[in-house]
Amino acid sequence: MSFENIGLNDCVLDAISPLGYEQPTPIQEQAIPIVLQGKDLLGCAQTGTGKTAAFALPIVHQLSSNPPKHKGRKKPIRALIVSPTRELTSQINDNLRDYCSKSGLRTTVIYGGVSQHKQVSALRRGVDILVATPGRLLDLCNQKLIDLSTIEFLVLDEADTMLDMGFLPDIKKVIKMCPEERQTLFFSATMPNDILKLSSSILKDPERVQIDAVNSAAETVEQKVYSVRQTDKKDLLVHVLQDESIYNALVFTRTKHGADKVERHLRNNNITAEAIHGNKSQAKREKALARFKKGKVQVLVATDIASRGIDVEVLELVVNFELPNLPESYVHRIGRTGRAGNEGLAISFCNEGMERNHLAGIQKLIGREIEVIE
Ligand code: AMP
């Protein structure tokens with residue numbers, strides 16, 4: 001199927017053609033017609049599959065084709081997208097801005113950790129689509145600065161991460177503020193029981209779409225494991241990165257402290273590196289990400305939470321400096337590379353201790369063995 005015959009209007013098609021989107025990705029092919037039919041959606045898909053456009057394009061289509069359903073006092077907010085982290089919300093908002101470029105719809109993003117001043121000014125000017133993290137959203141709703149009673153589309157993105165981060169109570173409150181009559185789209189990379197329970201409480205007769213959530217990245221990304229002593233990992237990392245053909249890499253560490261240590265070690269070896277994690281200010285994280293995207297910094301060192309939503313067109317290599325104890329995190333991590341058809345490589349450092357168990361869990365989840373290089 002092509003974008004031309006998927007049912008999207010010219011506003012949307014003209015906006016995506018300069019972005020080089022030629023063919024819908026599998027999730028887009030499945031989800032867009034469902035959303036255009038006005039149905040609720042339960043999507044099992046991870047970042048990197050084209051999930052954002054899968055929900056955003058049909059929403060932009062609907063909002064640009066139809067007048068607001070619920071009249072607010074001023075310009076009503078018509079679509080709300082809730083997602084777990086600042087990085088992810090910013091990324092979604094950036095994408096939306098592109099998708100709305102021909103329709104005149106306005107979007108804005110709000111997240112915590114920064115002053116609310118600018119965000120509130122943007123809201124006052126009026127927006128059609130709001131992208132938000134749960135905490136700041138609830139905060140501004142409580143201050144009566146946001147009115148959700150005019151919402152027509154509610155999207156919950158990366159629901160599993162939001163639950164892991166303890167956002168369930170906030171999400172429940174936010175949903176109560178939205179009108180009953182709305183279309184709800186719910187995305188999660190994994191579907192454990194608590195997620196299914198939450199989804200069934202907020203979706204009405206949903207259509208299910210599943211894009212091999214758990215191991216799609218695991219299939220497209222080349223993976224290797226290096227068996228290495230914990231104390232030798234830093235030097236091995238330098239060795240791997242000094243391989244000239246590597247243009248950029250994202251390195252995962254288990255802890256914030258560990259991320260800082262790796263950053264220092266790389267810099268001491270003349271490799272440009274920046275660490276991003278929860279202890280760094282939002283401004284610093286954004287700057288680091290921007291420098292990385294521009295190719296001014298070769299290596300970004302991140303913890304799992306900070307890495308969510310990092311969307312770099314071409315990311316050559318993901319290094320798991322430490323293997324995550326949750327196998328799903330491994331799939332999330334390696335899914336940062338090999339996106340939208342690019343080739344990707346993921347190298348994991350596995351010590352002789354607990355990481356052997358983590359590796360076993362990962363292999364079980366992805367359903368195959370990864371080559372271990374001693
Ligand atoms: P996402 O899974 O939403 O994070 O998207 C992953 C990446 O794929 C983003 O950089 C998108 O801009 C890009 N993308 C999404 N849909 C398409 C498409 N149909 N063709 C080419 N690139 C796409």
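Order of appearance sets the numbers: ligands from 1, and atoms from 1 within every ligand. It should be emphasised that the depicted structure is a prediction, and the values quoted were computed from it without experimental measurement. Only this structure's heavy atoms are used, side chains among them; waters, hydrogens and symmetry mates stay out.
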Winner among Gln23, Gln91, Arg336 once heavy atoms are compared against atom 19 (N) of ligand 1:
Gln23

Between Glu152 and Arg182, does at least one N-O distance fall below 4.0 Å, as a salt bridge requires?
no

How would you list, by chain and number, every residue that makes a ring pair (Phe, Tyr, Trp, His ring centres under 6.0 Å) with Phe187, sequence neighbours excluded?
Phe55

Using a 4.0 Å cutoff against the non-hydrogen atoms of Phe3, which atoms of ligand 1 qualify?
19 (N)

Under 4.0 Å from one or more heavy atoms of Thr52, ligand 1 contributes atoms 1 (P), 3 (O), 4 (O)

Any side-chain heavy atom of Leu198 sitting closer than 4.5 Å to one from Phe186?
yes

Could you list the donor-acceptor pairs under 3.5 angstrom formed between side-chain atoms of residues 16-27 and any protein atom two or more places apart in sequence or on another chain?
from  : atom 1 : to    : atom 2 : distance (Å)
Tyr21 : OH     : Tyr99 : OH     : 2.8
Thr25 : OG1    : Thr49 : O      : 2.9

Does a sphere of radius 6.0 Å around CZ in Arg267 hold more than 12 heavy atoms from other residues, nucleotides or ligands, not counting ones at 6.0 Å or beyond?
yes

Can you check whether Gly50 has an N/O within less than 3.5 Å of an N/O in ligand 1?
yes

Taking only non-hydrogen atoms of Lys51 and a 4.0 Å limit, the atoms of ligand 1 in range are 1 (P), 2 (O), 3 (O)

Does Tyr21 reach ligand 1 with a nitrogen or oxygen that is under 3.5 Å from one of the ligand's nitrogen or oxygen atoms?
yes

